[in-house]
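So you know, we letter chains A, B, ... as the sequences are listed, proteins then strands, and number each from 1. Note that the structure is predicted; figures quoted are calculated from it, not measured.
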Number of protein chains: 2
Amino acid sequence: MAKQRLPYTEDQERLARYAKALAHPARIYILQFLERQCACYVGNIVDELPMAQSSVSQHLKELKEAGFIQGAVDPPRVKYCINREQWLEAQALFAAFFGQGE
Amino acid sequence: MAKQRLPYTEDQERLARYAKALAHPARIYILQFLERQCACYVGNIVDELPMAQSSVSQHLKELKEAGFIQGAVDPPRVKYCINREQWLEAQALFAAFFGQGE
DNA sequence: TAACATCATCGTATTATTGCGATAAATTAA
DNA sequence: TTAATTTATCGCAATAATACGATGATGTTA
């Protein structure tokens, strides 16, 4: 039996990680917003979402840790934008995943 | 301010829902396995994964509830396969999402 | 300096996820 | 009928996710 196999492949782990970052509509919204705006401040995002500033900050942190976005301090504000390199990697992983069947 | 806006669009909700179903490497594995095998029994999947039968059953339940797979009783076993229609919908949602930037 | 603006982090509460063993349900085989 | 096989569900424990208000950190403006 294969029970003592190494758990999962690197790609499976990474895909699951990206998927988890996308597993909340607020984070989907933020990423789509950043796609349109190219870059924007935290306050702009807070104004758009139906939740507290601290909650938005938490979602931004998760997107950053997943690699989807990156922040740059622009005192007294923080400007966020898509991390294009990681975005493309995620895109490729999802495309490969969904491309298997067809 | 836009704080009293309807939370999220239908597509954002659905994409987040699909993403959540993909947010665990075991579920990625199961879907890829089903893609290769076309259809198989629960026991075949249990043999492949490093977790208890009850845990695998739980993951199958989540994939089924998300719409990715469907089961058919074939006594005394249950045969699972990809739900092609929903798979294609998820594929389209992810493609549209990642296609926005490029 | 003092007040303000912006954002991150802390502490907390609630709920969801993950995994397990045990058990139930359903069917088949002896 | 009894035993065996297969899968789902239950109950539990541990951990993670979600959201909030309060506070902290940092830099700006008055």
Polar side-chain atom of Asn44(B) near backbone of Tyr41(B) as donor-acceptor pair, under 3.5 Å:
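Flag set: sc Asn44(B) to bb Tyr41(B) pair under 3.5 Å.
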
Just to verify, what does Gln12(A) make a side-chain contact (heavy atoms from CB on, under 4.5 Å) with, not counting sequence neighbours?
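Result, side-chain contact (heavy atoms from CB on, under 4.5 Å) vs Gln12(A): Tyr8(A), Thr9(A), Ile28(B), Tyr29(B), Gln32(B).
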
Can you list everything that forms a side-chain hydrogen bond (donor to acceptor under 3.5 Å, both in side chains) with His59(B)? Sequence neighbours excluded, please.
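If we apply the side-chain hydrogen bond (donor to acceptor under 3.5 Å, both in side chains) test to His59(B), skipping adjacent residues, the hits are Arg27(B).
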
DNA chain C base-pair string [pairs: Watson-Crick or G-U under 3.5 Å; |: paired with another strand]
||||||||||||||||||||||||||||||

If a protein heavy atom is under 4.0 Å from the base, mark B; if only from the sugar-phosphate, S; if neither, -; do that for nucleotides 4-18 of chain D going 5' to 3'.
--SBBB-------SS

Name all residues meeting the salt bridge (Lys or Arg N to Asp or Glu O under 4.0 Å) criterion together with Arg14(A); count only those two or more places apart in sequence or in a different chain, and write none if there are none.
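Arg14(A) satisfies salt bridge (Lys or Arg N to Asp or Glu O under 4.0 Å) with Asp11(A), Glu89(A) only.
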
In terms of heavy-atom contacts, Pro50(A) and Pro7(B) come closest through CG-CA, 4.3 Å

Pairwise salt bridge (Lys or Arg N to Asp or Glu O under 4.0 Å) hits with a residue in residues 67-78 of chain B, at least two apart
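Listed once each, the pairs would be none.
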
Using the ring-ring contact (aromatic ring centres under 6.0 Å, His included) rule, pick out the option among Tyr18(A), Phe94(A), Phe98(A), Phe97(A) that qualifies with Phe98(B).
Phe94(A)

